[in-house]
2 protein chains.
Amino acid sequence: MADHPDFRLNDFIPYLLSQAAEAIGQQFAAIYRDRYGMLNTEWRVLAHLGEAGGLTAKQIGAQARVHKTKVSRAVVALERKRFVARTTSDTDRRSATLELTKTGRKVYEDLAVIAREYDRQLAHSLGQKGREDLVTQLRQLSSRRT
Amino acid sequence: MADHPDFRLNDFIPYLLSQAAEAIGQQFAAIYRDRYGMLNTEWRVLAHLGEAGGLTAKQIGAQARVHKTKVSRAVVALERKRFVARTTSDTDRRSATLELTKTGRKVYEDLAVIAREYDRQLAHSLGQKGREDLVTQLRQLSSRRT
DNA sequence: GGGTATTTGTTGCATTTGTAACTAACAACC
DNA sequence: GGTTGTTAGTTACAAATGCAACAAATACCC
């Protein structure tokens, strides 16, 4: 006999998460894509640098949990757009410190405003408590050891 | 002056969602990948067919919100693995009804058991109430009109 | 019926991603 | 100093995805 009483995809947390993430992510992605031709990883790198300038590619990868090849390619793209500049370290010439250019900072600030507004709308849909509950659970899931 | 008081990526819902979805999704993905060489969309199609056999590609795409080309390719892959069989409709020969083969059903049942167990562990991490809160908010987000 | 529009699903091509191999720089040890 | 191992980041190649164009079947309208 089948030993899977009432498995439902629509109650399965990984499925619900992925559906919600995709639905919500696409809307904001359309903005940085249309305005600045940026890809998802580029936006993330830009945002990390906007919050804490002067990071190396490795640090960004660790904070954002993004593979180094993705970071590398995103940085190349952001450099080509003149949003990011790299300064090779004097003490360790393998790595470089990345920082936003003046243009990059403007882009970051523009997107940060939009992001805040978008998040505000989401919070409104969910209600203040709903938003807090959601954030709590998502943090829990992200930090869960495997 | 910058007009983005305290924007923090780590409080930004799309970012948190995507981080959580990726972290949680990868773990389960490793299972169907290693056991059956399946890709994400293949698992989704299989699961939909397992729950409601006899769907067309179009129906699956609509239910799972997956683009028709992704569904098409997933079905081809599942056919090649002999997990799914298609029967061209008599009344409309453009589309075919898809169903799990006996093998496909076994695979589905195997994965459904594992999925339930995985979900049970997640629910345990989150607590009963945490899980319910999360599901509520995720459903809300997924169904949000754009 | 004959013409046009719509729908289902597939395919070709460009873009994006993942994996592994690689280079260059540094560290550790003798 | 020279050998070996490790680390930061890049690149080459394969696999996966998105998009647009497509074929085939059906629906609509006269």
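So you know, we letter chains A, B, ... as the sequences are listed, proteins then strands, and number each from 1.
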Using atom [atom1] of [X] as one end and atom [atom2] of [N] as the other, report the distance to the nearest whole Å.
| X | N | atom1 | atom2 | result |
| --- | --- | --- | --- | --- |
| L98(A) | dA8(D) | CG | P | 14 Å |
| N40(B) | dA16(D) | CG | C1' | 12 Å |
| K70(A) | dT16(C) | NZ | P | 12 Å |
| H67(B) | dT11(C) | NE2 | P | 15 Å |
| R80(B) | dT10(C) | CZ | C1' | 13 Å |
| D90(A) | dA25(C) | CG | P | 14 Å |
| Q26(A) | dG18(D) | CD | P | 8 Å |

Check the side chains of Q128(A) and E132(A) for a donor-acceptor pair under 3.5 angstrom, ignoring hydrogens and angles. yes
Indicate whether any N or O donor in one side chain lies under 3.5 Å from an N or O acceptor in the other, for R94(B) and T56(B). no
Considering only [options], which nucleotide approaches the side chain of [X] most closely?
| X | options | answer |
| --- | --- | --- |
| D92(B) | dG18(D), dA25(D), dA16(D) | dA25(D) |
| S95(A) | dG9(C), dG9(D), dA20(D) | dG9(D) |
| R93(B) | dT26(D), dT10(D), dT8(C) | dT26(D) |

With nearest nucleotide decided by heavy atoms, which residue, S89(A) or L39(A), maps closer to the 5′ end of DNA chain C? L39(A)
Judged by nearest nucleotide, the residue sitting upstream toward the 5' end of DNA chain C, R33(B) or A96(B), is A96(B)
Where L49(B) and L98(B) come nearest, the two heavy atoms and their spacing: CD2-O, 3.4 Å
Any N or O donor-acceptor pair under 3.5 Å from the base of dG18(D) to the side chain of R73(B)? yes
Report yes or no: is there a donor-acceptor pair, N or O only, under 3.5 Å between the side chain of R94(B) and the base of dT26(D)? no
When all nucleic acid strands are considered with a 4.0 Å heavy-atom cut-off, which category describes T41(B): base, sugar-phosphate, or nothing? nothing
Under 4.0 Å, counting only non-hydrogen atoms across every strand here, what does T56(B) touch: a base, just sugar-phosphate, or nothing? sugar-phosphate
Does [X] put a side-chain nitrogen or oxygen below 4.0 Å from OP1 or OP2 of [N]?
| X | N | result |
| --- | --- | --- |
| S72(B) | dT10(C) | yes |
| R86(A) | dT10(D) | yes |
| K68(A) | dA8(D) | no |

Measuring only between side-chain heavy atoms, which start at C-beta, is F83(A) closer than 4.5 Å to Y36(A)? yes
Check whether E51(A) reaches the backbone of L9(B) with its side chain - one donor and one acceptor, N or O, closer than 3.5 Å. yes
